[in-house]
Protein chains: 2
Amino acid sequence: MQITTERLTTSLKSAGMRMTPQRAAICKALAESEAHPTAAMIYDELRPQFDSLSLATVYNTLEALVKIGVVNALGGAGDGSIHYDADTEPHVNLACISCNKIIDIPSSHVQQLDDEITSTSGYKLLGARVLYYGLCPECQKKQEN
Amino acid sequence: MQITTERLTTSLKSAGMRMTPQRAAICKALAESEAHPTAAMIYDELRPQFDSLSLATVYNTLEALVKIGVVNALGGAGDGSIHYDADTEPHVNLACISCNKIIDIPSSHVQQLDDEITSTSGYKLLGARVLYYGLCPECQKKQEN
DNA sequence: TTCTAAATTTAGAATTATTATAAACAATAA
DNA sequence: TTATTGTTTATAATAATTCTAAATTTAGAA
Ligand SMILES: [Mn+2]
Ligand SMILES: [Mn+2]
Ligand SMILES: [Zn+2]
Ligand SMILES: [Zn+2]
């Protein structure tokens with residue numbers, strides 16, 4: 001998924017922002033993650049490499065990426081914090097409100113849905129939040145006791 | 001939309017909760033609103049009728065409704081707070097991150113999408129969050145200056 | 001290189017939505 | 001009635017996010 005990392009960094013540059021080591025690392029971590037991470041998750045992952053990294057920088061970079069429209073803000077998943085998705089191709093996200101994991105599932109209908117909204121809404125669209133939530137198979141088992 | 005109000009109240013009762021005046025009013029306000037309100041919006045609307053209403057009661061009731069699966073938590077819309085939707089029929093929500101309003105738009109594809117996820121995910125589904133965000137036509141005009 | 005100005009990062013404080021707590025209150029039933 | 005359980009309320013606590021101002025870095029000019 002090297003393509004997405006560069007997509008994020010070039011988007012920031014196109015928006016007039018400088019590319020710093022911190023921003024590059026945040027873009028890379030977000031683009032290469034399958035986990036739909038939160039700001040804190042990215043911060044924890046990058047702290048070993050940037051021992052003076054600030055959470056504010058993570059938040060600022062994520063906010064910029066969302067505002068540009070190249071990252072989607074999916075919202076909470078049972079935990080109190082916002083999860084982000086660098087994959088803006090139309091797809092369905094599936095969140096477990098018990099273990100707070102979010103996975104992707106393919107769907108042939110989302111692309112059509114996306115086309116429909118894009119062409120008929122009249123809105124200047126920035127992003128999407130297509131997320132179903134519930135209990136994953138593992139957490140369902142744990143609840144049976 | 002009198003049907004939905006009763007759906008909410010009977011759901012709470014079926015879950016073993018008592019029906020109180022506060023809970024009934026919260027269900028009614030949520031079901032009759034087109035605004036996808038936040039907890040604070042419901043609180044402000046009901047305070048004239050219940051001058052000792054507590055925000056905690058609103059939050060507790062909303063949480064119960066979401067946990068039962070009869071109300072969807074859509075997440076934030078530019079403001080920092082969670083918006084709720086008592087309409088659990090598959091549909092697309094469209095949020096403006098400038099004026100923070102959320103509207104519904106019809107789509108023929110969402111129902112199929114919903115069927116697909118429901119039957120193939122393996123999750124015990126509780127709710128959905130199908131929301132596109134961007135700038136509404138009015139806020140687009142305001143930005144051109 | 002050195003200097004300057006603008007952008008960025010950082011640490012920490014402030015904000016604020018949400019949750020937890022415990023006392024007051026209301027409903028149910030023996 | 002009395003006991004018991006559930007509910008609401010006011011308030012405190014929590015914690016995610018945002019704000020602020022100082023320190024640092026960057027880009028470009030001299
Ligand atoms: Mn995803
Ligand atoms: Mn809706
Ligand atoms: Zn799970
Ligand atoms: Zn608007």
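What you see is a predicted model; the values in this text were computed from it and never measured. Order of the sequence lines fixes the chain letters, A, B, ..., with proteins taken first and strands second; residue numbering starts at 1 for each chain.
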Of the candidate nucleotides dT7(D), dT26(D), dA20(C), which contains the atom at the shortest distance from the side chain of Ala56(B)? dA20(C)
Between Ala40(B) and Pro21(B), which is nearer to the 5' end of DNA chain C once each is assigned its nearest nucleotide? Ala40(B)
Just to be sure I understand the rule, does Thr57(B) reach a base, reach only the sugar-phosphate, or reach nothing, if contact means heavy atoms closer than 4.0 Å? base
Enter the distance from Leu125(B):CG to Thr118(B):OG1 here, rounded to the nearest 0.5 Å. 5.5 Å
Distance-only donor-acceptor check, side chains Ser107(A) and Glu116(B), under 3.5 Å: yes
Partner nucleotide of dA21(D) by Watson-Crick or wobble geometry (both distances under 3.5 Å): dT10(C)
Can you tell me if the side-chain N/O atoms of Ser52(B) get under 4.0 Å from OP1 or OP2 in dT9(D)? yes
Using whole Å, report how far CD1 of Ile42(A) lies from P of dA16(D). 15 Å
Side-chain donor-acceptor pair present, Asn93(B), His83(B), cut-off under 3.5 Å: no
Tell me whether Tyr84(B) is reachable from Ile97(B) by hopping between hydrophobic residues (I, L, V, M, F, W, Y) whose side-chain heavy atoms are closer than 4.5 Å. no
If only side-chain N and O atoms of Arg23(B) are considered, is one of them under 4.0 Å from the OP1 or OP2 phosphate oxygen of dT7(D)? yes
Phosphate oxygens OP1/OP2 of dT25(D): is one of them under 4.0 Å from a side-chain N or O of Gln22(A)? no
What is the distance, to the nearest angstrom, from the CZ atom on Arg47(A) to the P atom on dA11(C)? 10 Å
Does the side chain of His36(A) pick up a donor-acceptor pair with the side chain of Asp104(A) at under 3.5 Å? yes
Whole Å only: how far is the CG atom of Asp79(A) from the P atom of dT14(D)? 19 Å
Whole-Å gap separating C1' (dG6(D)) and CG (Asn60(B)): 12 Å
Rounded distance (Å) that lies between atom C1' of dT5(D) and atom CZ of Arg18(B): 6 Å
CG of Leu55(B) versus C1' of dA10(D): gap in Å, rounded? 11 Å
Whole-Å distance, Phe50(B) CZ to dT8(D) P, equals 10 Å
Looking at Tyr59(A), I'd like to know whether one of its side-chain N or O atoms comes within less than 4.0 Å of OP1 or OP2 on dT17(D). yes
Counting just side-chain N and O atoms, does Thr20(A) come under 4.0 Å of either OP1 or OP2 of dT9(C)? yes
Please report the distance, rounded to the nearest Å, between CE in Met41(A) and P in dT17(D). 12 Å
